[in-house]
Structure formats: C-alpha cells, structure tokens
Amino acid sequence: MTVYPVTDAERRAYIISQYEEIELGMQHLMADTAAYHVDFVELFEKDTSYFLYHDMMAHLEIEPNWPEVSRFIAKYRALQPARSDYIKHLLK
Amino acid sequence: MYENLIAVCYPAGSRGEAIARIIELSPSVYRRNPDRMAEPDQVGRMNKTVTRFGWLTDFDVQPLFGMIEYMNQRGIYFKFDHTLAHDIIEDWQRIVPQLLFAKDQNHRYRLHEIMCRHKIVVSDHVHSVHMRQLLPGCKTVAVCGDSRLAIDLLYQNGWLCRPHLGPHTNPTFMPQPISTAKLPMDAI
C-alpha cells in the first residue's frame with residue numbers, strides 16, 4: 001500500500017468531482033420517462049397518501065387494499081425519524 | 001412479453017422497497033414474501049432483499065444477483081448509461097428466466113414459471129428506461145421527489161459539503177467556494 005500526502009488541490013478536485021457526479025445523477029433522475037411517477041414523501045403523508053395510492057392502483061390496474069396499506073404506512077411512519085432530524089446539521 | 005411485471009425504479013436512498021411493498025399488499029398481486037421479511041426493521045429500513053429478482057442456483061457463490069451485480073459484472077455504470085448495448089439486453093433477457101425466485105430460504109421457484117401466472121413486483125436501483133429495455137412490456141413506476149432527502153442522508157453519512165441544488169439549478173455546474181473550516185484536513 002502506497003501512502004502519499006493529499007494536497008488541498010487534490011482534495012478540492014475530488015470534492016468538485018463528487019459535486020458533478022451528484023449533479024449528473026440528479027439530471028438523469030429528473031429526465032425519467034416512466035409511465036408513472038410516485039412521490040415517496042407524498043405517498044407517506046397523511047393528507048395525500050389516500051389519493052396517490054388509488055391513483056397508482058388505477059394506473060397499475062390492480063385491486064387496492066387500502067386498510068392493509070394504511071396499516072403499513074402507519075407502522076412505517078412510526079419507525080422513521082422526523083424529517084427535521086435529517087437536516088439538523090444544516091440548521092446549526 | 002413481461003406484462004405481468006411491475007418494476008419500481010428508484011435511486012439509492014429513496015426507499016423504493018417500501019413502495020414495492022405497498023403495491024404488493026394489494027390482493028391481486030401475488031404476495032411472495034412472508035410478512036416477517038417484508039416489514040421495516042427496528043431502524044425503520046426495509047429489507048432490501050425482498051423485492052429483488054431472487055437468488056441464483058449456486059447460492060453460496062452468488063448469494064444475491066440483482067441488476068447492480070449484473071451491471072458490475074459487465075462493467076456498466078448504469079446510472080449514466082441512457083441506453084444499453086443490444087447484446088447486453090439480450091444476455092440479460094436470457095438470464096432472467098433461469099433465475100430462481102426465493103419465497104424464503106426453503107421455497108424457491110423458477111422465475112419464468114411464476115411470471116406467466118402471477119403479477120410480480122420487482123424493484124432495483126435502476127432507471128425506468130433500463131427496466132423497459134431489459135424487461136419489455138413491464139409497467140414502470142419511478143420513485144421521485146425524495147432525491148433531495150437522499151442527498152441529505154448521503155451528506156449526513158459522511159459527505160463533506162452539500163451541493164447547491166435549488167429549484168432552478170444551473171446546468172453548467174459551478175461549485176461555490178468551499179469553506180476550509182468544514183474540511184477535516186487533519187483527519188484525512
């Protein structure tokens with residue numbers, strides 16, 4: 001294994017390359033031409049999940065099972081950390 | 001050809017497994033996973049293995065063979081490949097019917113047989129364009145709207161700086177000056 005000192009320029013170039021990779025990935029995802037888009041956050045929010053779910057079921061032409069799904073969503077949401085926890089490091 | 005398939009396509013961190021699970025909860029979709037495997041774990045994460053294609057016959061050699069493993073073997077960086085080479089698509093289409101589908105450790109079925117009888121939900125970290133190329137006829141559902149959250153999670157888990165991705169992102173990306181105070185210079 002070769003150990004060599006990392007210069008600030010190399011570190012900066014690495015970070016910039018990571019920036020560019022993320023930016024490319026975001027553009028790639030935004031250009032998705034799928035037949036149906038489902039917003040993860042909307043599907044798991046109480047106000048929007050009912051309509052989004054039935055919209056998705058109608059699109060996929062499958063029989064919905066809303067009681068089972070709402071049970072799953074309640075369980076899933078209870079296990080997730082609060083959204084503010086994700087950006088806590090940015091609010092400092 | 002694969003009209004029975006519903007492919008949930010999502011970027012890393014978007015919890016597409018949860019959406020695949022919700023689709024699977026519908027009675028008209030064949031429920032292949034036992035409830036124990038398909039529930040969120042203690043931390044709230046989904047078990048990622050439940051919605052993949054399944055296991056190969058030589059389970060000890062290749063324990064889990066999904067799209068990512070296949071792409072890695074072929075040296076494809078699928079995230080930025082908008083179209084796949086034709087021979088790769090044919091190769092993958094030849095492999096898929098031979099895959100074993102694992103309901104659990106003790107019950108395995110040939111994927112091709114189930115494909116003809118049941119609606120199946122598959123999901124992987126792929127673009128829906130790729131899924132339509134590899135499994136023609138399948139219905140694709142793209143998970144969106146969570147990319148920002150995924151980036152935040154990536155940042156929280158060890159990224160040094162957060163990219164500036166506003167609602168009107170400059171396509172020619174120029175990063176802002178990086179404050180050296182945030183860089184763990186001595187730590188690296």
Side-chain angles (χ1 to χ4, degrees), chain A residues 5-6 8 10-12 14-44 49 53 56-57 59-73 75-81 83 85-90, chain B residues 6-11 14-16 18-19 21-23 25-29 38-46 79-80 82 119 127-129 131-132 139-149 151-156 159-165 169 171 173 175 178 180 183 185 188:
Chain A
V6 180
D8 284 357
E10 284 175 332
R11 197 174 284 119
R12 182 184 170 81
Y14 172 75
I15 290 169
I16 289 171
S17 72
Q18 297 294 317
Y19 270 140
E20 289 168 345
E21 189 175 326
I22 287 182
E23 177 66 15
L24 276 173
M26 294 289 283
Q27 287 174 9
H28 188 56
L29 288 170
M30 282 189 277
D32 197 314
T33 55
Y36 190 80
H37 288 256
V38 56
D39 190 317
F40 178 88
V41 179
E42 273 186 35
L43 185 60
F44 281 83
S49 57
Y53 170 74
M56 183 169 69
M57 291 294 118
H59 173 81
L60 296 174
E61 295 172 349
I62 54 181
E63 185 188 340
N65 188 1
W66 180 247
E68 196 67 36
V69 165
S70 55
R71 215 170 293 138
F72 177 85
I73 289 179
K75 188 191 290 181
Y76 190 86
R77 283 172 60 88
L79 284 164
Q80 296 300 317
R83 190 175 167 80
D85 291 350
Y86 289 129
I87 57 170
K88 203 180 284 177
H89 60 289
L90 301 171
Chain B
I6 300 167
V8 181
C9 312
Y10 57 98
S14 284
R15 315 291 173 90
I19 291 179
R21 171 65 180 150
I22 282 177
I23 294 172
L25 284 173
S26 301
S28 52
V29 176
E39 282 178 359
D41 60 9
Q42 294 293 321
V43 202
R45 287 182 304 222
M46 293 296 294
K79 198 158 71 172
F80 299 134
H82 284 269
K119 288 185 176 178
H127 208 259
S128 60
V129 173
M131 207 53 120
R132 282 200 299 275
K139 288 177 182 170
T140 51
V141 176
V143 182
C144 62
D146 198 41
S147 306
R148 196 73 54 84
L149 186 57
I151 297 290
D152 287 344
L153 286 168
L154 275 175
Y155 175 77
Q156 199 182 21
W159 285 77
L160 297 177
C161 297
R162 190 165 184 273
H164 299 264
L165 297 169
T169 309
F173 180 73
I178 298 161
T180 50
L183 296 178
M185 295 288 187
I188 297 175

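The chains referred to below are lettered A, B, ... by the order of the sequence lines, with proteins before strands, and numbering in each begins at 1.
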Is the backbone N or O of B:T140 less than 3.5 Å from a side-chain atom of B:R132, with the two atoms forming a donor-acceptor pair by type? no
Counting only heavy atoms closer than 4.5 Å, note whether B:I6 contacts chain A via side chain, backbone, both or neither. side chain
So for A:I62, is it side chain, backbone, both, or neither that comes closer than 4.5 Å to the heavy atoms of chain B? both
Which atoms of A:E61 are under 4.5 Å from chain B, going by heavy atoms: the side chain, the backbone, both sets, or neither? both
What closest approach, in Å, do B:M131 and B:A7 show between heavy atoms, and which atom pair accounts for it? CG-CB, 3.2 Å
Ignoring hydrogens, what is the shortest heavy-atom contact between A:V6 and A:R11? Give both atom names and the distance. O-NH2, 3.8 Å
With sequence neighbours excluded, tell me which residues meet side chain to side chain contact (heavy atoms under 4.5 Å, CB included) with A:E63. B:P27, B:S28
